[in-house]
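So that the names make sense, note that chain A is the first sequence line, chain B the second, and so on, each numbered from 1.
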Amino acid sequence: MLDLNYVRANLDAVRLALDARRFPVEALEDFVRLDVKRRATIAESDTLNAQRNTASREIGALMKDGKRDEADARRQEITQLKERIAELDARRDASEAQMRGLLSTLPNIPHESVPTGADETANTEVRRWGSIPEFDFTPRDHVEIGEGLKILDLERATKISGARFNILKGAGAQLERALVNFMLDVHTRWAGYTEILPPFIVNEASLFGTGQLPKFEADLFKLNDERGLYLIPTAEVPVTNLHRDEILDASDLPLKWTAYSPCFRSEAGSHGRDTRGLIRQHQFEKVELVKYALPENSFDELETLTRDAERILQLLGLPHRTVLLSTGDMGFSAAKTYDIEVWIPSQNAFREISSCSNCTDFQARRASIRFRRAGGAKPEYVHTLNGSGLAVGRTWLAILENYQQADGSVLIPEALQPYMNNLERIEI
RNA sequence: GGAGAGGUCGCAUAGUGGCUUAGUGCACCGGUCUCGAAAACCGGAGUGGGGGAAACUCCACCGUGGGUUCAAAUCCCACCCUCUCCGCCA
């Protein structure tokens, strides 16, 4: 969420930034009008409240002195004040609700280093790692490889749950588990992240905090339950909300967490896209990285977080590139985002396997996550960052495709073998 | 699921309708003292919002939302959460 005072003071800059994000900016005009109304209402209601408080105290004093008649007279006075105050409060509540409604749907302001553009064609590649594998046979896609090795069963998953679900079996299930352990170990041992195992079901306030609600409810699975609970679309939600409504100490920052979780996404509106295989599923596993950073350090922290995610691909020997997203391609809460894309031989293309964002104070304001510098300084909002480190399902299929052999078997990357009981190859 | 207790300004507590628009202790910040520190003493300090150039000032906030009252932390209703005991359960 953007800061009310910031929007008020920087209306033109905000309008420009939102326009770059392809956000309809007309709504901002109402904003100014509502704000003027709101402040006038507050001023009057505060004054009347002050009068009421004074009168009340005087009545108290009169009652004590036994002057009932005078007290009764003053009561009349207050009754009128109260009506007017109730009226003003109702108006203020309405204005504030409208402003909040509008503010909560505005996306974050892009950082100045982000390229302006309408969509992904304006993204810029910042670096590339590894060489694209060459096969002396026609490479198969992961569905064919996985089903051939009997480690992937999509048909039965459809019977049991429906489209966009999958079943891993034997060495396939083991590979998934190995990847989770491997990623968590690398992040905790070498990069100083603390492991979190969060709830996979969260409340509305948490989803508001990270920005999924109110705008993107259609992307979520909501539980049929009076409590208004949802399955998490990413561990970013529970982990970023860890210190919601708290004031931390500046010396605690940065805080770095890594969390494994399944992720549940309804994928509404992506019918027909990536229908084959594991690329786009309703349920997938992910190891997430989350940081709270000091505002002055957050963009540096984004660089290291992105490198921490890339390291996994490098240790697994998977070719990839890193792309800086343009203003038109970024997510709602992000001020700056790098996507990491892994090479997928069957598609002859790089596909997203991680998305690393600095959300600056956008989520922190929605979730009220603050810190205080030494002594009695005013609380400030932390900057929150998150990135996949990595999407496990996509890593799984990238290994199958990049490490496939002519005979249909798949080699296990060396770094992963200790996590697979030293298995070197998955074969029939 | 049943019975009971409780949620107060970082922590711990006081406060059952107006001497409290929240007291006290600890922690915190500033000062006095000291070579320096500790102790002691003096003073300060919550969050959000409105007005103001500023000094400052006003309003709201005692789990959340309603209600009663001239006046609510305090009374009433609903909900959320925590703890204890019983039952059930991976």
Side-chain angles (χ1 to χ4, degrees), chain A residues 1-9 31-104 197 199-209 213 223 225-230 238 241-253 255 262 292 361 364-382:
Chain A
M1 188 147 63
L2 302 180
D3 180 46
L4 171 63
N5 293 313
Y6 177 81
V7 174
R8 183 156 62 208
F31 188 82
V32 181
R33 191 177 48 77
L34 282 166
D35 186 45
V36 171
K37 226 172 89 180
R38 165 181 163 271
R39 281 188 292 167
T41 317
I42 288 175
E44 190 181 346
S45 134
D46 277 4
T47 309
L48 296 183
N49 256 319
Q51 282 177 31
R52 185 183 68 133
N53 288 341
T54 310
S56 255
R57 252 170 276 148
E58 285 167 9
I59 289 172
L62 290 170
M63 296 290 280
K64 215 178 192 177
D65 296 346
K67 299 178 183 167
R68 293 269 326 222
D69 294 347
E70 283 181 56
D72 284 342
R74 303 231 53 184
R75 267 181 212 169
Q76 285 300 103
E77 218 179 283
I78 289 179
T79 309
Q80 287 175 10
L81 279 181
K82 278 174 67 178
E83 278 173 33
R84 179 68 182 152
I85 289 170
E87 203 178 296
L88 288 164
D89 285 351
R91 270 207 265 158
R92 190 199 55 205
D93 287 349
S95 296
E96 286 185 346
Q98 281 183 62
M99 291 179 74
R100 243 198 330 277
L102 175 62
L103 264 186
S104 67
L197 187 62
F200 303 152
I201 293 176
V202 294
N203 58 31
E204 220 171 286
S206 297
L207 287 157
F208 181 85
L213 290 181
L223 266 51
D225 175 293
E226 328 70 58
R227 284 170 290 197
L229 300 172
Y230 297 79
N241 276 282
L242 262 177
H243 295 286
R244 168 150 51 87
D245 295 323
E246 293 183 30
I247 301 177
L248 303 163
D249 202 280
S251 62
D252 295 336
L253 301 176
L255 285 168
Y292 286 178
D361 58 359
R365 186 172 290 110
R366 294 172 83 96
S368 191
I369 309 164
R370 293 176 292 178
F371 73 97
R372 206 193 296 274
R373 297 184 197 268
K378 278 269 169 197
E380 300 171 50
Y381 290 107
V382 304

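Pair assignment for B:rC41 gives B:rG31, based on Watson-Crick or G-U wobble hydrogen-bonding distances that are each under 3.5 Å. The partner of B:rA90 cannot be assigned: no Watson-Crick or G-U wobble pair with both contacts below 3.5 Å exists in any strand. Nucleotide B:rA5 has B:rU82 as its partner under the Watson-Crick or G-U criteria, with both atom distances under 3.5 Å. Of the nucleotides present, none pairs with B:rA55 by Watson-Crick or G-U wobble criteria with both distances under 3.5 Å. As the counterpart of B:rG25, B:rC11 is assigned, both hydrogen-bonding distances of the Watson-Crick or G-U wobble pattern falling under 3.5 Å. Within the shown strands, nothing qualifies as a pairing partner of B:rU74 under the Watson-Crick or G-U definition with both distances less than 3.5 Å.
For B:rC80 and B:rU64, the C1' atoms lie 7 Å apart once the distance is rounded to whole Å.
Checking the phosphate oxygens (OP1, OP2) of B:rC59, a side-chain nitrogen or oxygen of A:Asn53 falls inside 4.0 Å.
In this entry the distance linking CD of A:Gln51 with P of B:rC70 reads 18 Å, nearest Å. Straight-line distance from the CD atom of A:Glu44 to the P atom of B:rC59: 15 Å, rounded to whole Å. Rounding to whole angstrom units, CG of residue A:Asn203 and C1' of B:rC81 are separated by 12 Å.
The A:Ala50 side chain lies nearest to B:rC59 when the options are B:rU47, B:rA71, B:rC59. Here the side chain of A:Arg372 is nearest to one of B:rA71, B:rG49, B:rG46, namely B:rG46. Of the candidates B:rC58, B:rC70, B:rA60, B:rC70 carries the atom nearest the A:Ile59 side chain, counting heavy atoms from C-beta on.
A donor-acceptor contact under 3.5 Å is not formed by the side chain of A:Asp46 with the base of B:rG51.
Neither side chain, A:Ser56 nor A:Asn53, offers a donor N or O lying under 3.5 Å from an acceptor on the other.
For the pair A:Phe31/A:Leu4, a side-chain contact is recorded, criterion being any heavy-atom separation below 4.5 Å from C-beta on.
For the pair A:Asn49 and A:Arg52, nearest-nucleotide mapping onto RNA chain B gives the more 5' position to A:Asn49.
Using a 4.0 Å heavy-atom cutoff across all strands shown, A:Arg8 reaches sugar-phosphate atoms only and no base atom.
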